[in-house]
Structures are given as C-alpha cells and as structure tokens.
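Each chain gets a letter, A, B and so on, in the order the sequences are listed, and its residues count up from 1.
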Protein chains: 2
Amino acid sequence: MARTKLQLPSTRRSLPIALMRSREKVMAPIRDMLRASGLTEQQWRVLRILSEFGPQDLTEIARQACLLMPSLSRIIRSLAQNGLVIRASDTKDRRRQTVVISPAGQHLIDDNLVQATQIAANYRNQLGAERYELLLDLLTELEQGPPYPVKCA
Amino acid sequence: MARTKLQLPSTRRSLPIALMRSREKVMAPIRDMLRASGLTEQQWRVLRILSEFGPQDLTEIARQACLLMPSLSRIIRSLAQNGLVIRASDTKDRRRQTVVISPAGQHLIDDNLVQATQIAANYRNQLGAERYELLLDLLTELEQGPPYPVKCA
DNA sequence: AGATTTTAGGTAACATGTTAACTAAATGGA
DNA sequence: TCCATTTAGTTAACATGTTACCTAAAATCT
C-alpha cells in the first residue's frame, strides 16, 4: 500500500478534467468530419458497432457503444427514421428487438472510415506507438479497476 | 516519422471510447457523492474553480472548467438562483461580469472536498503513483499536441 | 469622430446525459 | 399454476453538449 498523503487536488492536474480535455481534443476532428454527413458522434458510434459486430439488440449496443439505454432508445429511433438502421422484433423473446445496419447506413460508414482511420493514426504518431499503447493500457486498467461497478463494459 | 500501417481500428482499443469509459469510471463515485448535495458534476467543477482561483468572469471560468459558454451561462444562472454564487458587473468593461462564490457555495465545497480528495487518492493508489503521473502526462501531451486548435486550455 | 471589427455574454434549437418511473414479457420459485 | 422477481425497452423531466445566431460594448482603423 503506497503512502497516501491526501494533498488537496488542484483542478489543474485533475484526472477527470484531464480525461475530458484530451477526449475533446481527440474527438474534435472526428466531429468535424461527421458534421458533413449529418451524423453525431454517438450515431456514428452506434453505426460502427453494428457494422463491425453485426445485428444486435439494444442492450448489447448500449454496452458496446457506452451509451445509456434512454439515450440509445432515442438514437435508434432517429437512425431508423432516417433509414440508416432497421429494427426487427425477436420471435423467441418478444421484449427484444434486433437492430441491423441498412445499406444506406453501411454506405455512410464506408464513406468516412478511411478518414477516421487516418485521424486515429495521426494521434498514434503524435504520441508514438509505444506511448500510445501504454496510454490505452493505463486507461483500460483504470476502467477495469476495483472501486466501482463497471457501467459500460 | 513512424510507419503508419493504417489498420482498421476496432471499436475495441479505440482511444476516444477508452477515454470516455475511464472517465465514466472515475466520475461515478464523485457523482454519487455530489448527488447528496444536489450538485451536478459541472456545477461542482465551477464552484471548485471559483473556490480555488477566486472571482472571475464567465469566459475565464468556461476556459478553466472546460465548459462551453452556453452551458456555463445556464449553470451560473442556476447557481445564482440557488445562492451559491454572486454575479457583479464590471465597472470598467460593462460587457463583463465577475462571479464570486458565496458563503453557502464555499460551505458546499468544504463539506465535500475531503471525500473528493479521498476518492482521487484511491485512483492514484490503484494505478500506483508513478503510473498515475505518467497517465496524466500522456493525457496532457495528447491534449496539447499539434493537430487541432485547443478548445479548452 | 465615424465605421468596422472584435469580444463578452446570451438565446434558440436540437441531441445527448442522467435519474426515476413505467410497461410488457420472461423467469424462477412455492 | 400462481405469484414474485427479473429483464428489455420506453418515456418523462431536467441538465448539459453543441452549433448557430444575436446584442451590446469595447477596441481598432481611417
């Protein structure tokens, strides 16, 4: 057990604020890219999940995209209205519905994935591959640590 | 220049998502603490800034708390209605207004700061002091890097 | 001084975050 | 079988995030 001095944490050098600011920085160019397609960051995340892992029910999408169910419920409704996803009710469990990405939705993904990949690669280069991987490891360790129940695995 | 293979990034091992998830994890116990005081995470951040750095105008608070002006405008209005901050218009520049934390606001800070400090120390211990500092350094480097104009310094 | 530009702050409109409450369907006993 | 519990998803209400637009005051230029 390391010694804990309990010094008052300044709002500078605050982990939550640092996480927020770096995320803002990383997402800025991606948001700019998506605006041209009329997609929000969260809608993009949902489409990417559906494209990468195939049809899923809402609960599973929420877990993977790190969204709360009320938000996802609205997002799926909007995406369905715009023809980017299709809902199908499950025959075995009539509470559940499976969401599938539509051809139009997949087209949006295809249009933007190359540029998104390039943006991600830029940040990787900025830190260097080793430090980038180290950062991801530290974040994962922080997220999976003990103190609290995980909200979005 | 490191080689850039441009491999398709999975939504697993995505930096933006990792940043979001770890922030959720870190903030969860703090939000739980604040709920007892009827404060949101953002209101808490504004009060802490005012408590730590003294009276400031809205633009400066927004910069320090990493909030956009429209959000801050609403938050300050709400805090003022609840008597936690006081607005005073600047005599030199009549566009500007200086915000001061009230005794009631400072009381809320005092009530929660010890526990907040303990929560922060827990995460520091979880990673270990060196890895914790390393994480903060990497996040700072990511935020201050070249690609895009900084939104909240 | 007078016109233009910049800055501080606000409002509007829409999307998401967050908690609580709710419905319907499935599940697990007694 | 009947009842209690759990689970999938929705809705409501309020706060914030985000972009666009707006006003007034200051700063700048000529």
Strictly by modelled atom types, are [X] and [Y] linked by a side-chain donor-acceptor pair under 3.5 Å?
X: B/Q56; Y: B/Q64; answer: yes
X: A/Q106; Y: A/D110; answer: yes
X: B/E143; Y: A/S22; answer: no
X: A/E52; Y: B/S10; answer: yes
X: A/S37; Y: A/D111; answer: no

Among the nucleotides [options], which one has an atom lying closest to any side-chain atom of [X]?
X: A/L58; options: C/dA8, D/dG17, D/dG9; value: D/dG9
X: B/Q42; options: D/dT11, D/dT16, D/dT7; value: D/dT16
X: B/R87; options: C/dT19, C/dG10, D/dT10; value: C/dG10
X: A/S73; options: C/dT16, D/dT11, D/dT16; value: D/dT11
X: A/Q43; options: C/dT16, D/dT18, C/dT18; value: C/dT16
X: A/Q97; options: D/dT10, C/dG10, D/dT19; value: D/dT10
X: B/R74; options: D/dA8, C/dT16, C/dA13; value: C/dA13
X: A/R45; options: D/dT18, C/dG17, D/dA8; value: C/dG17

Base, sugar-phosphate, or nothing for [X], non-hydrogen atoms under 4.0 angstrom?
X: B/T40; value: sugar-phosphate
X: A/E41; value: nothing
X: A/T59; value: sugar-phosphate
X: A/L72; value: nothing

How close or far is atom [atom2] of [N] from atom [atom1] of [X], stated in whole angstroms?
X: A/M69; N: C/dT16; atom1: CE; atom2: P; answer: 15 Å
X: B/R95; N: C/dA8; atom1: CZ; atom2: P; answer: 6 Å
X: A/I76; N: D/dT11; atom1: CD1; atom2: C1'; answer: 16 Å
X: B/L34; N: C/dT18; atom1: CG; atom2: P; answer: 13 Å
X: B/L68; N: D/dT16; atom1: CG; atom2: P; answer: 13 Å

(message) For a quick test of reading the model: is some side-chain N or O of A/R96 closer than 4.0 Å to OP1 or OP2 of D/dG9?
(response)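 No, outside the criterion.
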